[in-house]
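Keep in mind the model is a prediction, meaning the values are calculated, not measured. The basis for the numbers below is simple: all heavy atoms, side chains too, and nothing from hydrogens, waters or symmetry mates. The first residue in the sequence is number 1, and the count goes up from there.
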Amino acid sequence: MYSEISESTPDHSFRLTDAERERWQRDGFFIRENVFSRAENEVLNKAAEEVVAGTRPFPAEHVDRNALIRDGKEQRTGIHAMHKLHFPSCHIPEFLERVRAPRLTDPIVDLLGPDILGINNLYIWKAPEIGLGFPWHQDKFYFRQRFVTDTTVGTWTAIDAADRGNGCLYVIPGSHLGPVVEHDELEGSQQSEFKLARNTHNEEGVALEAEPGAVTWFHSHLLHKSTDNHSGRFRRSYVSHYLSAQAEWASPERSAGAQRIMWVRGTTFAGKVTEVQRDVI
């Protein structure tokens with residue numbers, strides 16, 4: 001158990017345990033409880049709510065409302081109308097600090113090596129009653145369009161308690177050992193963010209219920225999804241994905257994309273993925 005951990009501890013203090021490494025190899029994910037305190041998570045939540053309130057500058061193109069609100073099917077305002085902030089670590093210092101926190105990145109060094117980049121991060125509101133889930137998918141299906149690498153590592157931090165009622169994550173343990181499958185289009189403006197992994201219609205998976213401050217680390221081949229929020233509670237979370245700095249661009253034109261690559265720790269290398277932003281813009 002990890003509780004009220006101080007970042008002043010020696011380097012690599014939060015590295016993988018033998019049991020976590022075994023679970024990673026067998027299941028494609030592992031979970032730690034109490035990695036971040038409620039107060040630490042509230043720092044992120046406060047910054048995100050300031051963006052929604054208009055008191056914190058943030059690019060409008062990276063602020064997404066709930067699809068039911070956007071499509072005029074529901075009426076909500078403020079954070080109750082929100083879906084996500086995209087790339088908050090590129091614009092908000094509190095999020096950049098979290099992306100680089102040793103509590104998140106020490107285990108990733110054991111999985112990817114000492115040189116780490118941040119490639120994508122999201123602050124997600126799953127609003128009461130209308131928050132929408134996402135279908136079974138594999139992150140590598142999307143990331144392979146940009147990067148040549150064996151795997152990326154995703155981290156999912158529970159800001160609120162996540163359970164079956166408010167739309168927690170589900171996984172298919174061991175699915176990371178298989179190939180990246182084709183993904184098929186779905187209807188719905190929010191569902192268009194993710195396609196449905198083929199031949200997964202009848203999969204139930206395992207629910208990953210989590211208390212606030214818990215973190216899940218997961219392999220980019222792991223099949224995972226989340227469900228709709230039918231409760232009267234929020235299910236907020238923070239998702240951050242990491243890449244080895246030894247990875248390469250999938251094609252030269254991919255390096256000119258709008259997705260910023262954040263330096264996290266270690267070294268970057270000429271000829272690799274080196275479009276790196278070191279500080280918040």
Just by distance, with hydrogens left out, do [X] and [Y] show a side-chain donor and acceptor under 3.5 Å apart?
{"X": "His183", "Y": "His137", "result": "no"}
{"X": "Ser237", "Y": "Lys126", "result": "no"}
{"X": "Asn41", "Y": "Arg98", "result": "yes"}
{"X": "His86", "Y": "Asn120", "result": "yes"}
{"X": "Arg76", "Y": "Asn66", "result": "no"}
{"X": "Thr151", "Y": "Ser220", "result": "yes"}
{"X": "Arg15", "Y": "Ser13", "result": "no"}

Just so I know, are the side chains of [X] and [Y] near enough to count as touching, which here means a heavy-atom distance under 4.5 Å?
{"X": "Tyr242", "Y": "Leu104", "result": "yes"}
{"X": "Arg103", "Y": "Phe14", "result": "yes"}
{"X": "Val43", "Y": "Phe36", "result": "no"}
{"X": "Ile116", "Y": "Leu243", "result": "no"}
{"X": "His62", "Y": "Phe58", "result": "yes"}
{"X": "Val63", "Y": "Lys84", "result": "no"}

Approximate separation, where rounding is to 0.5 Å, of [X] [atom1] and [Y] [atom2]:
{"X": "Glu182", "Y": "Leu196", "atom1": "CD", "atom2": "CG", "result": "12.0 Å"}
{"X": "Gln246", "Y": "Asp150", "atom1": "CD", "atom2": "CG", "result": "11.5 Å"}
{"X": "Thr152", "Y": "Leu117", "atom1": "OG1", "atom2": "CG", "result": "12.0 Å"}

Exercise for review: Assess whether atom CG of Asp184 is packed by more than 12 heavy atoms of other residues, nucleotides or ligands within 6.0 Å.
Suggested key: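 Above 12, so yes.
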Practice item. Tell me, yes or no, whether the heavy-atom count around Glu204 atom CD, taken from other residues, nucleotides or ligands under 6.0 Å, exceeds 12. Key: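 Open: at most 12 neighbouring heavy atoms sit under 6.0 Å from CD of Glu204.
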**Study point:** Distance flag, aromatic centroids of Phe218 and Phe30, threshold under 6.0 Å
**Key:**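 Distance test on ring centres: not under 6.0 Å, no.
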Point to revise | Aromatic centroids of Phe234 and His80 separated by under 6.0 Å | key: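 Centroid distance His80-Phe234: below 6.0 Å, so yes.
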Exercise for review: Measure the acute angle between the ring planes of Tyr123 and Tyr238, then classify it against the limits of 30° and 60° as parallel, tilted or perpendicular.
Suggested key: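 Taking Tyr238 first and then Tyr123, their aromatic rings sit tilted (interplane angle of 30° to 60°).
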